[in-house]
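First up is the structure itself, then whatever we jot down about it.
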Amino acid sequence: MNPAEISDALAALAAKPYDPVEFPFEFAAATDNNPATIAKLQNGSFNKSDLPGGVLMNQKFHFAPALNGMTSVTLDALRANKRTLKHKPAILITSDGVEVSAEHLKSGDTLHCAFTELGDRFGFFLPAAGKERYRAAEENPVDIKVAGKLAKLYDALIRRNPDWAAEDRRHDMNQLMTRLIFCLFAEDVGIFPDNQFSRLIFTHAGDKGEGMREVLISAFTAMNTSRDKRDALPAWTREFEYVNGGLFAGAIDAPMFDAPSARYLRDVSAEDWKGINPDIFGSMIQSVTNAELRSELGMHYTSVPNIMKVLGPLFLDELDAEIDRSWDRERALRQVLDRISKIRVFDPACGSGNFLVVAYRALREREITILSRISELTGGTQTEMWSVIPIRNFYGIELTDFAVETAKLALFIAEYQANAQFKEAFGRKPADLPLRDAANVVCGNALRLDWEAVCPVPEDGGEVFIAGNPPFLGSTNQSKEQKADLAHVFAGQVESFAAFDYVAGWFYKVSLYLRGRTARSAFVSTNSLCQGQSVAAFWPHLLRDDLEIGFAHTSFKWRNNASANATVMCVVVGLRNRSGLPARLFSAGVSMDTSNINAYLVPYQNIYIEGTRNGLFSLPPMDYGNKPVEQGHLLLDQAERDDLIRENPGIKKFIRPFMGSNEVVKGTTRYCFWIRDEELLEAREFEEIRIRIGRVEAFRRGSTDAYVREKLLPRSHAFKQVFEAKRHTIAVPIHTGETRPYLPVARFSSDVIFSNAAMALYDAPDWCVAVIASRLHLVWISTVCGKLETRFRYSNTLGWNTFPVPKFTEDQLAALTKSAMAILRCRLTHHPKTIADLYDPDKMPEDLRAAHKANDDLLESMYIGRPFRNDTERLEHLFKLYAARVKKLKKGAA
DNA sequence: AATCCGACACCCA
DNA sequence: TGGGTGTCGGATT
């Protein structure tokens with residue numbers, strides 16, 4: 001059962017009179033226990049409670065009835081009960097029929113509410129159904145101000161030095177910015193003496209910035225030179241610390257400054273850099289350096305809440321549990337510390353290092369927790385001198401040079417801040433300078449590089465955790481180079497990969513890395529990787545029979561602190577070697593353990609629904625709508641049509657109503673020219689038609705699709721597909737809103753032409769409406785078809801042709817036809833309300849709801865002799881029927 | 001020839 | 001300006 005179903009079940013329970021004997025069993029049923037388990041609970045064999053009237057279900061809940069007004073007292077009794085301690089129920093619950101008191105044992109949270117509110121408070125009771133609530137990490141406010149000022153400085157420098165914007169100087173410019181940022185940060189947080197850097201450069205560069213270039217070159221050179229070798233440099237540079245660390249190694253140059261750029265530099269150095277959040281520091285710097293890409297780069301960085309969706313279940317949660325278990329044993333804690341010291345974190349799409357920084361900080365925080373506890377346990381005699389987590393254990397691959405530099409810098413800064421925390425806790429830290437060791441961030445194309453060369457598999461028993469947010473790009477939008485990258489990964493491995501999203505390359509490469517290793521991975525991905533055609537095409541090759549999904553987050557909307565957010569729905573998928581351990585599924589604020597998560601991110605065994613042109617069951621063929629491919633030149637709106645017909649009455653015979661999803665759902669009307677080949681000469685008599693055909697020809701001539709140029713260009717009076725009905729059409733919009741409780745199928749007269757925004761059953765029997773309009777069909781479509789973000793996407797090959805139906809009898813078909821008609825007639829009684837109005841989940845009329853309910857009950861009884869209990873049961877039954885049918889067909893073919 | 005997809009596209013409050 | 005909700009034609013099969 002999903003949370004919504006549990007909510008409904010609890011609401012139903014709360015609406016009935018309270019019976020203290022029946023209540024615990026009904027509560028068990030409402031929290032997803034099957035009838036057999038409940039029967040055993042009732043006959044006492046599963047009931048562990050020793051309280052009068054009590055029911056205790058292992059791990060799930062402990063109930064005892066309360067006397068009037070005494071729910072708090074009974075809750076105390078439940079909490080203190082020995083059996084409670086032994087069997088660890090998730091939830092304690094008691095009621096007197098008026099009040100409910102409950103407690104979540106793990107967190108100690110309590111709930112006191114009216115009995116009738118049980119349904120509204122379902123979230124509290126989810127743990128009794130094996131689902132734990134989780135809260136996403138909070139978004140930290142970022143210092144947008146600093147980034148804005150950096151951007152101004154950058155722009156001013158480019159205005160003064162246009163050549164520094166060119167490709168061959170980009171690296172120098174990037175390096176200048178990172179060095180400046182490091183120095184401004186260092187002088188504010190105490191790595192350098194207070195304000196040393198800005199004081200020295202502004203003292204020696206003059207007011208208008210005229211000497212800034214030479215001053216910066218001298219300063220940076222000094223930081224790369226040990227103090228005793230600075231004879232060739234101005235005397236004032238002696239003051240600087242020796243920094244090194246790669247940041248100041250290599251060529252040192254700086255652009256010319258002018259008055260505005262010097263002013264912006266002063267502005268930005270006046271900011272308090274202590275408050276900078278290093279988690280996404282890199283992205284902010286990166287967005288500074290490219291005015292055009294500024295919004296776009298910012299658009300794609302991964303915010304901390306999203307990073308925690310990946311790193312938490314990948315390894316941090318498990319580490320916390322281990323620390324918890326070891327809390328009272330010094331030896332065990334030292335083992336955890338040893339484990340942490342060997343962990344390698346690898347982000348093969350690291351950008352400016354957000355994931356690596358967050359992972360590094362998380363590990364350093366846990367190290368301090370462990371050391372503090374060891375200190376407590378040993379009475380302060382612990383002798384650790386220093387952190388065991390080196391930043392060289394953090395690996396990354398990134399395509400753009402500047403991002404690589406900022407990633408390294410962000411890790412330096414994170415290390416500095418972690419050291420400061422360490423000092424606060426233990427009173428000591430090593431010297432900050434010179435910078436010693438660096439993260440292993442490589443500049444290159446992750447789909448071309450050998451990942452084992454970048455992040456070697458450790459030989460000391462260490463673990464590798466691979467995480468990141470690789471780029472998503474559908475096949476339509478990939479460049480030639482990107483397609484070649486995918487070919488490099490998949491050629492010879494997978495027969496058909498050209499339709500894969502770019503992100504699939506990362507998933508496949510990580511699967512090769514993980515196999516048989518002490519390593520796990522988790523990536524953010526576009527949700528389409530786990531939907532529709534990609535599932536059957538990609539996932540069997542990825543998982544084979546030795547990998548599994550260890551955890552997953554179902555679709556969530558992309559959000560970060562950028563002003564413009566990318567519009568995309570994401571998932572997080574964690575991969576691991578097959579383990580026999582439970583997998584954890586996160587969905588809408590709830591997590592649950594399950595024996596398997598399949599590639600649709602459904603808690604069910606692995607199953608792949610393959611699109612097919614031939615129906616697997618006995619349903620009539622469904623066609624794709626008519627695809628115009630004419631840049632709108634054959635289409636008309638209502639006014640255009642009316643005007644044309646007024647001026648040329650004869651043109652009417654070539655104009656037909658034209659409908660896609662929008663028109664079906666909202667009841668609007670568009671029209672199209674519909675010219676049969678044999679009528680072309682007659683049609684061309686009209687000047688308007690000649691002009692429009694000419695425009696279509698021009699458009700088709702310029703298409704990149706050879707089929708359009710060669711086959712469609714000579715037929716520019718017509719659409720690409722040409723289908724029409726003889727008697728009537730049953731049409732299903734392809735993309736429609738997911739909040740509607742039913743798919744907006746409708747029936748139209750034969751004059752209407754359907755666009756490729758709809759699927760069409762031409763002249764098909766009306767009982768098809770009953771099937772498509774059913775809850776059962778919606779559940780199937782929403783699971784096995786693709787989505788447009790979260791919108792339903794109807795497909796004939798994936799959804800209709802694969803939909804399992806029993807062999808209907810004539811009587812059943814007659815009943816379904818009647819039911820379909822009842823729905824259609826009911827809609828008519830609400831004329832002129834549109835389908836969008838009628839199927840608004842908040843405003844759906846009761847009689848229409850009833851007609852659909854009757855239709856659902858009728859259809860479902862043809863499957864199992866009764867209505868299904870919930871969507872979970874619906875889906876599992878459909879999966880079973882599909883698998884059985886495919887198995888039978890394969891046997892027949894063999 | 002047919003159709004799945006969109007780090008979307010576009011409309012409207 | 002962002003929530004609400006489906007066009008349209010390229011690229012792949």
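Here is how names work: the chains are called A, B, and so on, in the same order as the sequence lines, proteins then strands, and each is numbered from 1. Model, not experiment: these values are computed from the prediction.
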Does [X] make a cation-pi contact with [Y] (under 6.0 Å, within 45 degrees of the axis)?
| X | Y | value |
| --- | --- | --- |
| A:Lys787 | A:Phe792 | no |
| A:Arg670 | A:Phe658 | no |
| A:Arg885 | A:Phe617 | yes |

Looking only at the side chains, is there a donor atom on one of A:Glu663 and A:Ser661 sitting less than 3.5 Å from an acceptor on the other?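 Looking only at side-chain atoms, A:Ser661 and A:Glu663 do not form any donor-acceptor pair under 3.5 Å.
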
Side chains of A:Asp677 and A:His717: do they bring a donor and an acceptor to under 3.5 Å?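 Side chains of A:Asp677 and A:His717: pair found under 3.5 Å.
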
Using a cut-off of strictly less than 4.0 Å, decide whether [X] has a side-chain nitrogen or oxygen near OP1 or OP2 of [N].
| X | N | answer |
| --- | --- | --- |
| A:Thr797 | B:dA2 | no |
| A:Asn756 | C:dG9 | no |
| A:Ser496 | C:dT12 | no |
| A:Asn796 | B:dC4 | yes |
| A:Arg740 | C:dT5 | no |
| A:Arg700 | C:dG10 | no |
| A:Ser795 | B:dC4 | yes |
| A:Ser528 | B:dC4 | no |
| A:Asn662 | C:dT5 | no |
| A:Thr476 | C:dT12 | no |

Ignoring hydrogens and angles, answer whether the base of [N] and the side-chain atoms of [X] contain a donor-acceptor pair closer than 3.5 Å.
| X | N | value |
| --- | --- | --- |
| A:Asp501 | B:dA7 | no |
| A:Lys627 | C:dG10 | yes |
| A:Arg793 | B:dG6 | yes |
| A:Lys483 | C:dT12 | no |
| A:Tyr624 | B:dC4 | yes |
| A:Glu789 | B:dC8 | yes |

[X] side-chain proximity, nearest of [options]:
| X | options | result |
| --- | --- | --- |
| A:Arg559 | C:dG6, C:dG3, B:dA1 | C:dG3 |
| A:Ala499 | C:dG6, C:dT13, C:dT7 | C:dT13 |
| A:Gln533 | B:dA2, C:dT13, B:dC5 | B:dC5 |
| A:Val708 | C:dG6, C:dG10, C:dC8 | C:dG10 |
| A:Met759 | C:dT5, C:dG10, B:dC4 | B:dC4 |

Do other residues, nucleotides or ligands put more than 12 heavy atoms under 6.0 Å from A:Lys833 NZ?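 Check fails, neighbour count at 12 or below.
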
Enclosure of A:Lys711 NZ (heavy-atom neighbours >12, cutoff 6.0 Å):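 Atom NZ in A:Lys711 is not packed in, count stays at 12 or less.
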
Comparing A:Asp705 and A:Ile734 on DNA chain C - which has the more 5′ nearest nucleotide: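 Taking each residue's closest nucleotide, the earlier one in sequence belongs to A:Ile734.
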
When the nearest nucleotide of DNA chain C is assigned to A:Ser703 and to A:Lys666 on a heavy-atom basis, which residue is associated with the more 5' position?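 Residue closer to the 5' terminus by nearest nucleotide: A:Lys666.
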
Say you pick atom C1' in B:dC10 and the same atom in B:dG6; how far apart are they, in whole Å?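 Nearest-Å result for B:dC10 against B:dG6 at atom C1': 14 Å.
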
Which value, in whole Å, describes the distance between the P atoms of nucleotides B:dA7 and B:dT3?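 Their P atoms lie roughly 23 Å apart.
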
Show your reasoning for whether side-chain contact (heavy atoms from CB on, under 4.5 Å) applies to A:Tyr624 and A:Gln721. CA-CA 8 Å; A:Tyr624 189 69; A:Gln721 274 92 355; 3.9 Å; yes

Mind checking A:Pro744 for me? I need base, sugar-phosphate or nothing, with any heavy atom below 4.0 Å counting as a touch.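 Nothing: the residue A:Pro744, judged by heavy atoms under 4.0 Å, touches no strand.
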
Describe the nucleic acid contact of A:Asn626 in one word from base, sugar-phosphate, nothing, applying a heavy-atom distance below 4.0 Å.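 Since no nucleic acid heavy atom lies under 4.0 Å of A:Asn626, the category is nothing.
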
Take A:Lys711 and A:Tyr794, find for each the nucleotide of DNA chain B with the closest heavy atom, and name the residue whose nucleotide sits nearer the 5' end.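 The answer here is A:Lys711.
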
5' precedence on DNA chain B between A:Tyr707 and A:Cys785 (nearest-nucleotide basis):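 Between the two, 5'-proximity favours A:Tyr707.
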
Interatomic distance, [X] [atom1] vs [N] [atom2] [rounded to whole Å]:
| X | N | atom1 | atom2 | value |
| --- | --- | --- | --- | --- |
| A:Phe500 | B:dA7 | CZ | P | 17 Å |
| A:Met569 | B:dG6 | CE | C1' | 14 Å |
| A:Asp637 | B:dC11 | CG | P | 14 Å |
| A:Phe699 | C:dG9 | CZ | C1' | 7 Å |
| A:Asn477 | C:dG9 | CG | P | 15 Å |
| A:Phe792 | C:dT5 | CZ | C1' | 13 Å |
| A:Phe472 | B:dC8 | CZ | P | 11 Å |
| A:Arg791 | C:dT7 | CZ | P | 12 Å |

Searching all strands shown, indicate the nucleotide that pairs with B:dC5 (Watson-Crick or G-U wobble; both distances under 3.5 Å).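 Its partner is C:dG9 (Watson-Crick or G-U wobble, both distances under 3.5 Å).
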
